[in-house]
Amino acid sequence: MGFLKSKSGAVVLAALVVVGSTLLNTRVKLGAAVDEVEDLFFTDRDGEKCIYSRLEEKLSASNGYAAVLASYDEEAADTLYYERDSLLWACEDDDIDYMAWCNAELDKAFGDAERAMAACELSESDREDAEYYAEIYNGAQKMIEENSYNSSVLEFMRSVYNKFPTSRLADFAGVEPAVSFE
């Protein structure tokens, strides 16, 4: 107890309070700023659907496409269903980085499914359905690529997060950077 009453104890205590309050402030304010940027991934804005909404469109379209494909190539349809389910689970976890990886895997599976479908002799109705689902899927992917979310993350990282001393404080406070969707 005598240490806290001494000048050196007071200096140590003051330093701990300053460091602790700085880290807490960084964690709260910078963490909120990161959350605000990442909320753009999940929130539709005027004139632009968010990436999350576009992923939902891709999930629906790939499900319909796989249903048509299942009548002609069950193995290709199963692969597409599997990758679709992976993205669905990633979306439920709200992990942007994992969603990006699963989206890329779904794109590969969808491309394989399109090639498998092209090798099949489809009924007129199935051909129309497949074209409809492919148009929705590819349109959603195009809108994801054109979405302003990644540029918002980049701007935030340049103007706020990667500036000194914010970048150092973020490391100490345990604040993770905003995640882009690539």
Side-chain angles (χ1 to χ4, degrees), residues 26-70 73-118 129-163 166-167 170-171 173-182:
T26 299
R27 184 163 185 85
V28 170
K29 289 189 176 182
L30 186 59
V34 168
D35 288 345
E36 187 176 316
V37 170
E38 288 185 346
D39 283 346
L40 297 173
F41 181 88
F42 298 99
T43 308
D44 293 340
R45 293 179 284 170
D46 292 337
E48 182 179 49
K49 281 188 172 183
C50 65
I51 292 176
Y52 190 83
S53 292
R54 297 299 183 178
L55 290 176
E56 289 175 332
E57 291 173 9
K58 288 180 71 173
L59 288 167
S60 177
S62 61
N63 190 53
Y65 199 88
V68 173
L69 182 58
D73 187 336
E74 195 171 322
E75 185 177 326
D78 286 345
T79 300
L80 185 55
Y81 279 130
Y82 176 82
E83 295 302 341
R84 179 199 173 277
D85 288 346
S86 294
L87 179 56
L88 182 62
W89 295 324
C91 288
E92 290 173 358
D93 287 343
D94 291 342
D95 183 337
I96 295 171
D97 197 37
Y98 187 50
M99 281 187 263
W101 185 82
C102 289
N103 182 59
E105 293 301 307
L106 180 60
D107 283 346
K108 290 176 194 171
F110 195 84
D112 291 345
E114 285 183 306
R115 285 185 286 284
M117 188 83 79
D129 288 347
E131 288 174 357
Y132 171 76
Y133 292 126
E135 183 178 339
I136 291 172
Y137 185 93
N138 293 319
Q141 181 58 36
K142 182 178 184 206
M143 297 312 293
I144 287 172
E145 292 165 3
E146 295 175 0
N147 192 283
S148 64
Y149 172 74
N150 284 335
S151 58
S152 296
V153 170
L154 183 61
E155 177 59 30
F156 172 77
M157 296 300 291
R158 284 183 184 159
S159 65
V160 177
Y161 194 90
N162 289 335
K163 293 220 174 199
T166 305
S167 59
D171 289 341
V175 177
E176 296 293 322
V179 177
S180 59
F181 189 81
E182 298 176 299

Go through the steps to decide whether Ile144 and Lys58 satisfy the test side chain to side chain contact (heavy atoms under 4.5 Å, CB included), and finish with yes or no.
CA-CA 10 Å; Ile144 287 172; Lys58 288 180 71 173; 3.8 Å; yes
Please name all residues satisfying side chain to side chain donor-acceptor pair (under 3.5 Å) with Lys163, sequence neighbours left out, ordered by chain then number.
none
Smallest separation among heavy atoms of Leu80 and Ser62, with atom names
CD2-O, 3.7 Å
In terms of heavy-atom contacts, Pro177 and Met157 come closest through CB-CE, 3.4 Å
Within a 6.0 Å radius of atom CD on Glu75, are there more than 12 heavy atoms belonging to other residues, nucleotides or ligands?
no
Interatomic spacing from CZ in Phe156 to CG in Asn162 - rounded to 0.5 Å
9.0 Å
Please examine the side chains of Glu114 and Asn138, heavy atoms only from C-beta on, and report whether any two atoms are closer than 4.5 Å.
yes
Reported CZ-to-OG distance for the pair Arg158 and Ser151, which is rounded to 0.5 angstrom
10.0 Å
Taking atom OG of Ser148 and atom CG of Leu154, what is their separation to the nearest 0.5 Å?
12.5 Å
Roughly how far, to the nearest 0.5 Å, is CG of Leu88 from CG of Asp93?
10.0 Å
Sub-6.0 Å ring centroid separation between Phe110 and Tyr65:
yes
Work out which heavy atom in Glu57 is nearest to a heavy atom in Ala140; give both atom names and the distance.
OE1-CB, 3.6 Å
Is it the case that more than 12 heavy atoms not belonging to Arg45 sit under 6.0 Å from its CZ atom?
yes
Lys142/Glu145 salt bridge by N-O under 4.0 Å criterion:
no
Please report the shortest heavy-atom distance between Glu38 and Val179, naming the atom on each side.
OE2-N, 2.9 Å
Salt bridge (Lys or Arg N to Asp or Glu O under 4.0 Å) against Glu155, all qualifying residues, sequence neighbours excluded:
none
Please report the shortest heavy-atom distance between Glu146 and Glu48, naming the atom on each side.
O-OE2, 4.2 Å
Straight-line distance of Ser180 OG to Ile51 CD1, nearest 0.5 Å
9.0 Å
Short question: side chain of Gln141, backbone of Asp107 - any donor-acceptor pair under 3.5 Å?
no
Could you state the interatomic distance from CG (Leu55) to CG (Asn103), rounded to the nearest 0.5 Å?
5.5 Å
Any donor-acceptor N/O pair, Asp73 side chain to Leu69 backbone, under 3.5 Å:
no
Kindly check if the number of other-residue, nucleotide or ligand heavy atoms within 6.0 Å of CD (Glu131) is above 12?
yes
If a pair satisfies side-chain hydrogen bond (donor to acceptor under 3.5 Å, both in side chains) and one of its residues is in residues 78-89, list it, with sequence neighbours excluded.
none
Has Asn147 got a side-chain atom pairing as donor or acceptor with Tyr149's backbone, closer than 3.5 angstrom?
yes
Aromatic rings Phe42 and Tyr52: how do their planes relate, parallel, tilted or perpendicular, breaks at 30° and 60°?
tilted
Over all atoms of both residues, closest heavy-atom pair of Ala90 and Tyr98:
CB-CD2, 3.3 Å
